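Bear in mind the structure is a predicted one, so any value in this text is a computation, not a measurement.
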2 protein chains.
Amino acid sequence: MENILFDFISKYISLTEDEKNAILGLDLFHSVKKGTVLLKEGQKSQVSYFVLKGCIRVYYIIDGEEKTTAFYTELDALTPHCVNKAPSEYFISCVEDCILLISNADMEIEINSKFPKFEKMCRILSEELLAKQQIDFDEFKTSSPEQRYLNLLQKRPDLIQRVPQHQLASYLGIKPQSLSRLRARILEKSKE
Amino acid sequence: MENILFDFISKYISLTEDEKNAILGLDLFHSVKKGTVLLKEGQKSQVSYFVLKGCIRVYYIIDGEEKTTAFYTELDALTPHCVNKAPSEYFISCVEDCILLISNADMEIEINSKFPKFEKMCRILSEELLAKQQIDFDEFKTSSPEQRYLNLLQKRPDLIQRVPQHQLASYLGIKPQSLSRLRARILEKSKE
DNA sequence: TAAAATCGTTCACTTAAGTTAAGTAATGAG
DNA sequence: CTCATTACTTAACTTAAGTGAACGATTTTA
């Protein structure tokens, strides 16, 4: 598991043994059971998550209804609302049994001040994520639910297997019934 | 104009006179006429924009149709696809006469190495933007076109005044005709 | 193991957005 | 200033998503 982390970091900066040990000394690794709620609406979160294995999900409850807005899988990082320290508007829970890195703001400040190159990695990571998310947002805006589904089928085929349909549906911005119908429609088209 | 910039920066880090002069020495300030296309599909962009005055717009052309995905107004920053150096998939143009800061990667590297605190500001800015955009994306996903319009009316009422309807419509993910209808519907409701 | 709850699909019906077309108002170029 | 273009609205029709309900098939849990 440690190697997965260091392989990931090595894409951005190179670490000395000392630096690696400093990270390992932080007690970041956690196993979390499927269904565990990591963050509830109204709670204040000071922690960041990095998925080594498994899948976590972000969702809102609006008018008693779950609205899933994101899935994070292997090597995805999730830092809830760094801006304001306002209470969370959403929930985070585990779709599967997970192995996560969980870090808090204090750890990050400590690491950043000890090893300035982390600051750089964080900036690059943020900028990368920002650009990726920008593209995702643009794709969402410029396509229909059906196109979004086909797009997801291409880009994250694993998600469609590992995540319940009704969560996928709200991730695509539609109701479960509409997803069923839309899939039937696609199947019908492909027969012709 | 310089003061608008330094007031903005001062929210994140404090600058000495030397540092301010280093920035002013970079020749960042540019006046750009309404309608100017700053970036075309297929071009490679190495520059970032920061809006001091005016409004710039990001749009795709898909099947011959403009799809607007973002508007940037006063104090908004736009850094196109820092990740890959692939050619742009979208256009950027000026909705109004603008005063922009335009910086390129070389300038940023130079400034970042001379004054490490810029690295920090960039990280904080990226993280802030990421969180803001996350929230925007979530709101978009979890609401209907009508709710999106009402939401925009609350959050960026100026946009509805300064931007053409058909650009607004595609920003909301719908056709101009649907926006007209939707507005008529809202007006009808408010009469009752 | 049996009962209850949840999940995915299907159906009929409603609502809203897409499409095509037309008309009017505003804008811009010559 | 005029003509041509573009922008916005309205309308009729089509298409697809929302809604409410029903149905097995799972999964949970008591």
Side-chain angles (χ1 to χ4, degrees), chain A residues 33-37 55 57 59 61-68 71 93-97 140-153 159-192, chain B residues 33-37 55 57 59 61-68 71 93-97 140-153 159-192:
Chain A
K33 281 263 166 249
K34 173 176 174 174
T36 307
V37 177
C55 177
R57 174 174 74 104
Y59 58 101
I61 295 185
I62 298 173
D63 299 330
E65 211 177 348
E66 276 191 16
K67 304 258 192 179
T68 297
F71 295 103
S93 80
C94 297
V95 174
E96 308 168 344
D97 290 349
F140 192 94
K141 269 191 185 166
T142 58
S143 56
S144 65
E146 185 171 327
Q147 289 171 314
R148 276 175 223 149
Y149 176 76
L150 292 170
N151 194 26
L152 195 67
L153 211 54
L159 264 194
I160 292 165
Q161 301 308 317
R162 66 206 284 195
V163 159
Q165 296 290 316
H166 66 281
Q167 290 175 11
L168 262 189
S170 86
Y171 180 64
L172 294 170
I174 56 177
K175 302 284 160 185
Q177 296 94 318
S178 297
L179 178 55
S180 273
R181 180 167 40 195
L182 177 160
R183 293 172 59 144
R185 199 165 59 220
I186 290 171
L187 208 67
E188 207 50 44
K189 280 183 196 166
S190 69
K191 271 189 204 162
E192 285 164 15
Chain B
K33 282 265 166 246
K34 173 176 175 174
T36 306
V37 177
C55 177
R57 173 174 76 103
Y59 59 101
I61 295 185
I62 298 173
D63 299 331
E65 214 178 345
E66 275 191 15
K67 304 261 191 176
T68 297
F71 295 103
S93 81
C94 298
V95 175
E96 308 169 344
D97 289 349
F140 193 94
K141 270 192 186 164
T142 58
S143 56
S144 65
E146 185 170 326
Q147 288 171 316
R148 277 175 223 150
Y149 177 77
L150 292 170
N151 194 26
L152 195 67
L153 211 55
L159 265 194
I160 291 165
Q161 302 307 318
R162 66 205 284 195
V163 160
Q165 296 290 316
H166 66 280
Q167 291 175 10
L168 262 188
S170 85
Y171 180 64
L172 294 170
I174 56 176
K175 303 284 161 185
Q177 296 93 320
S178 297
L179 179 55
S180 273
R181 180 165 42 194
L182 177 159
R183 293 171 58 144
R185 199 164 60 220
I186 290 170
L187 208 68
E188 206 49 44
K189 279 182 194 165
S190 70
K191 271 189 202 161
E192 283 164 17

Check: NA contact type, A/G173, heavy-atom cut-off 4.0 Å: base, sugar-phosphate, or nothing?
Finding: sugar-phosphate

Notebook entry, point to check: Can you tell me how far P of C/dA17 sits from CD of A/E146, to the nearest Å?
Noted result: 19 Å

Item checked: Summary of protein contacts for nucleotides 19-30 of chain C, nucleotide by nucleotide, where a base hit scores B, a sugar-phosphate-only hit scores S (4.0 Å, heavy atoms) -> SB----------

Item checked: side chain to side chain donor-acceptor pair (under 3.5 Å) against B/D97, all qualifying residues, sequence neighbours excluded -> none

Margin query: Rounded at 0.5 Å granularity, tell me how far OG1 in B/T68 sits from NE2 in B/H166.
Written below: 7.0 Å

Item checked: Separation of atom CD in A/Q165 from atom P in C/dT10, rounded to whole Å -> 11 Å

Margin query: B/T142: which residues meet the side chain to side chain donor-acceptor pair (under 3.5 Å) condition with it, sequence neighbours left out?
Written below: none

Item checked: Spacing between A/E66 atom CD and C/dT6 atom C1', to the nearest angstrom -> 12 Å

Margin query: Restricting to side chain to side chain donor-acceptor pair (under 3.5 Å), what partner residues turn up for B/S144, sequence neighbours left out?
Written below: B/Q147

Checklist line | For atom OH of A/Y149 and atom P of D/dA16, their distance in whole Å | finding: 17 Å

Show me the side-chain donor-acceptor pairs of residues 173-182 of chain A shorter than 3.5 Å, one per line, residues at least two apart or across chains.
| residue | atom | partner | partner atom | Å |
| --- | --- | --- | --- | --- |
| A/K175 | NZ | A/E65 | OE1 | 3.4 |
| A/K175 | NZ | A/E65 | OE2 | 2.6 |
| A/S178 | OG | A/R181 | NH2 | 3.3 |

Next item on the list: Rounded to the nearest angstrom, tell me the gap between atom CG in A/L172 and atom C1' in D/dG18.
Entry: 16 Å

Item checked: Test ring-ring contact (aromatic ring centres under 6.0 Å, His included) applied to B/Y149 - qualifying residues, sequence neighbours left out -> none

Notebook entry, point to check: Relative to the 5' end of DNA chain D, which residue comes earlier, A/I174 or B/A184, by the nucleotide with the nearest heavy atom?
Noted result: B/A184

Next item on the list: Would you mind telling me which of D/dC8, D/dA17, C/dT10 lies closest to the side-chain atoms of A/P145?
Entry: D/dA17

Check: What heavy-atom pair brings A/L152 and A/Y171 nearest, and what distance separates the two atoms?
Finding: CD1-CE2, 3.8 Å

Margin query: Test of understanding: with salt bridge (Lys or Arg N to Asp or Glu O under 4.0 Å), list the residues that count as partners of B/E96, not counting sequence neighbours.
Written below: B/R162

Check: Expressed in angstrom and rounded to an integer, what is the separation of B/Q147 atom CD from C/dA17 atom C1'?
Finding: 15 Å

Next item on the list: Nearest whole angstrom, please: distance from the P of D/dA17 to the NZ of B/K141.
Entry: 17 Å

Next item on the list: With heavy atoms under 4.0 Å as the rule, sort B/P164 into base, sugar-phosphate or nothing.
Entry: sugar-phosphate

Notebook entry, point to check: Does OP1 or OP2 of C/dT6 have a side-chain N or O of A/H166 closer than 4.0 Å?
Noted result: no

Note to self: With each end axis built from five pairs of C1' atoms, what bend angle do you get for the helix from C/dT1-D/dA30 to C/dG30-D/dC1? Round to 10°.
What the structure shows: 50°

Next item on the list: Send over the distance from B/R183 CZ to D/dA7 C1', rounded to a whole Å.
Entry: 13 Å

Notebook entry, point to check: With sequence neighbours excluded, what pairs up with B/R148 under the side chain to side chain donor-acceptor pair (under 3.5 Å) test?
Noted result: none

